Amino acid sequence: MPEFIVEEPRDRPSGEPEGGPTRATAHISTQSDPVPVVGGATGLIVFASVLGLFAALQHTLALPIVLAQFGPRPSADPVGAAWAASLTWLLTAAAAPTAGALSDRFGRRPVIVVCVSALILGSVVGPLGQGYVAELTTVLLGRALQGIGAAVVPVLFAAIRDFVPTRRRNIAIAAAGAAIGVGGVLGIPLTTAAFPALGWRPIFLISAAASVLLLIAIPFCVPTGAERNRARPQVLRVSMFTLTTVTAVVGTIMGALTGWTSPGFLLLVGVTVLAWVVTTVADARARRAAPGAITLSRVLALHAVALLLGFIVLANALVTALQLQEEQFGPLHLSVLAPALTLVLLAAVMFFVAPLGAVIADRFRPSRVLVVGGVTSLVGLILRVTVSPTELYALVWVVLTAIGVALATAAVPMIVNEVTSAAAAGAVLGRHQSLRLLGVAIAAAVTVSVTLHSVTQAEDRQVPDWTAFTVILLVAAGAAAVVTALSLFLASPRRRRAD
């Protein structure tokens, strides 16, 4: 009979290190309505990977539709185009911490059901409008609901933490993380290929049908019985963290569109800083009340790593796609196919490298995998700026950077699961998902801002020049340097003993 790891319920602070797991069959549950599942831990891993990939697809699957159908001239309405493109990321970043915390309180399965239901509703609502204004309204509403549904990702990682045996946990996290990474970059090339043949409405309906199948599969693949957090909900901490993320994302978008010194941007920066201070103070007080909790410095280091990795992964992909599209690597003549091919290549790299990170983590600890990932991405970005005489060299450095980011991204949830109790895993993983999306939003805003202000004339149009791409890559290299420093801090034997 398939086996899961199920933590025995016991009273302890939500930040206390996890205790020893005990074995229980898939039929054993601490809840009142135990439901057998199909495939045991393997079934859960496959389901989490498929749903994670599908949830990540929601961020980019409809993006070409929004831009092509409702913004044929993005330069004429940059504000509308930017908000339409960013809405799903914004809602996921806002909902992820709450979804994770609710799953700690009420169980993983109910929250997964709610999130998948939001995916279904968003996919059905999206194509309902008739006429330009109605269509735009329903598409944006649909994408907002899809963004809420995509907040299921941290709950999936928490479910793996709860139910997969320790010996398989890292490879399970890596498999789900790889699938999520692939989904995050494949949406644009898939829709670009399908849009001319199918139109935009069937793409939403296909997404709805896939979501229904995933909803049907939940009772058969997601077990019940994990430990729940019975402590009083930390409404202030969750609310302040969500406010921090939302104002940071909105401020980043406004900064790129209206200028980095505009009153609106500066106001949102102030609100973000204030909310972050309140969140940090509340975290510090909670950790003083829980002697077994990890140090606040380590928590903040993990938060910073998640944000910076989100920035690096999108900056690496966007700059490469833009350079190939404008043929700035040389006479490749791939201006139409290059961006899609680049994204597919990076997806393949993440898919194959993340499981390798799990193997290394099992042998040498996840914190060391994070160090290797940070160093590798830093070296790749530096070489890309300094040693790229031909397109082949540049593409090699692009892949090297992607390898480093894949290793580091796979290591972060492994570290979180090492130092977080089962009763708090959802909330912590939700924060990391939210911060990673914040990093993605910042990368998109910085890329837009820099490329719009550093252009050169190419025949009858203006295109970003090499200086713009160099600036973005140098910022990404700086982010990789910080990730490397923080990973060394987290891997320090003295730091581990202190925690």
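Bear in mind that the values here come from a model prediction, so they are computed numbers and not experimental data.
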Subject >> Trace of the side chain to side chain contact (heavy atoms under 4.5 Å, CB included) decision for Leu214 with Leu119 >> reply: CA-CA 10 Å; Leu214 289 167; Leu119 291 175; 5.7 Å; no

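- Taking CG of Leu437 as the reference point, atom CD1 of Ile442 lies at 11.0 Å (rounded to 0.5 Å).
- Residues Met414 and Leu370 form no side-chain contact, since every pair of their non-hydrogen atoms from C-beta on lies 4.5 Å or further apart.
- When all heavy atoms of Ala99 and Ala151 are compared, the pair lying nearest together is CB-O, 3.8 Å.
- Annotation for Ala477 and Leu378: closest pair O-CD1, 3.3 Å, computed over non-hydrogen atoms.
- Nearest heavy-atom pair, Ala96 versus Pro154, reported as atom, atom and distance to 0.1 Å: O-CG, 4.0 Å.
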**OP:** Would you please test Leu302 and Arg431 for side chain to side chain contact (heavy atoms under 4.5 Å, CB included) and show each step?
**Re:** CA-CA 10 Å; Leu302 285 169; Arg431 288 191 176 196; over 6 Å; no

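- A side chain to side chain contact (heavy atoms under 4.5 Å, CB included) with Trp397 is found for exactly one of Val387, Leu381, Thr386, namely Val387.
- Put simply, CD on Gln433 and OG1 on Thr92 are 7.5 Å apart, with the number rounded to the nearest 0.5 Å.
- Considering every non-hydrogen atom in both Ser103 and Val155, the closest pair reads CB-CG1, 3.8 Å.
- For the residue pair Thr245 / Ser434, a side-chain donor-acceptor distance below 3.5 Å is found, with atom types taken as modelled.
- Atom CG of Asp162 sits about 13.5 Å away from atom CZ of Phe157, to the nearest 0.5 Å.
- Between Arg168 and Ala41, the closest heavy-atom pair is NH1-CB, 3.8 Å.
- For the atom pair Leu435 CG and Leu309 CG, the distance stands at 11.0 Å (nearest 0.5 Å).
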Subject >> Stepwise side chain to side chain contact (heavy atoms under 4.5 Å, CB included) test for Phe204 and Gln146 >> reply: CA-CA 10 Å; Phe204 274 93; Gln146 289 174 334; 3.9 Å; yes

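- Two residues are said to be in side-chain contact when any heavy atoms from C-beta on lie closer than 4.5 Å; Val405 and Asn316 fail this criterion.
- With Thr244 contributing its side chain and Trp276 its backbone, the two residues share a donor-acceptor pair below 3.5 Å.
- Note that CG of Leu400 and CG of Leu383 are 7.0 Å apart. Values are rounded to the nearest 0.5 Å.
- Taking the side chain as every heavy atom from C-beta outward, Ile180 and Leu156 never approach each other to under 4.5 Å.
- One finds the CG atom of Leu145 at 11.5 Å from the SG atom of Cys115 (value rounded to the nearest 0.5 Å).
- Between Arg436 and Val412, every side-chain heavy-atom pair lies at or beyond the 4.5 Å cut-off.
- Screening Leu274, Leu267, Val271 against Thr247 for a side chain to side chain contact (heavy atoms under 4.5 Å, CB included) leaves a single residue, Val271.
- Taking Thr98 as the reference, nothing meets the side-chain hydrogen bond (donor to acceptor under 3.5 Å, both in side chains) condition, with sequence neighbours excluded.
- Contact annotation: the side chain of Gln58 approaches that of Ser207 to within less than 4.5 Å [non-hydrogen atoms, C-beta and beyond].
- Considering all non-hydrogen atoms of both residues, Leu407 and Val372 come closest at CD1-CG1, 4.0 Å.
- Residues Val305 and Ser487 have side chains not in contact (no heavy-atom distance under 4.5 Å, counting atoms from C-beta outward).
- In terms of modelled atom types and a separation under 3.5 Å, the side chain of Thr409 and the main chain of Ala406 share no donor-acceptor contact.
- Ring geometry, His432 versus His303: the interplanar angle exceeds 60°, so the pair is classed perpendicular (tilted spans 30 to 60°).
- Side-chain contact check for Arg298 versus Ile415: some heavy-atom pair is nearer than 4.5 Å.
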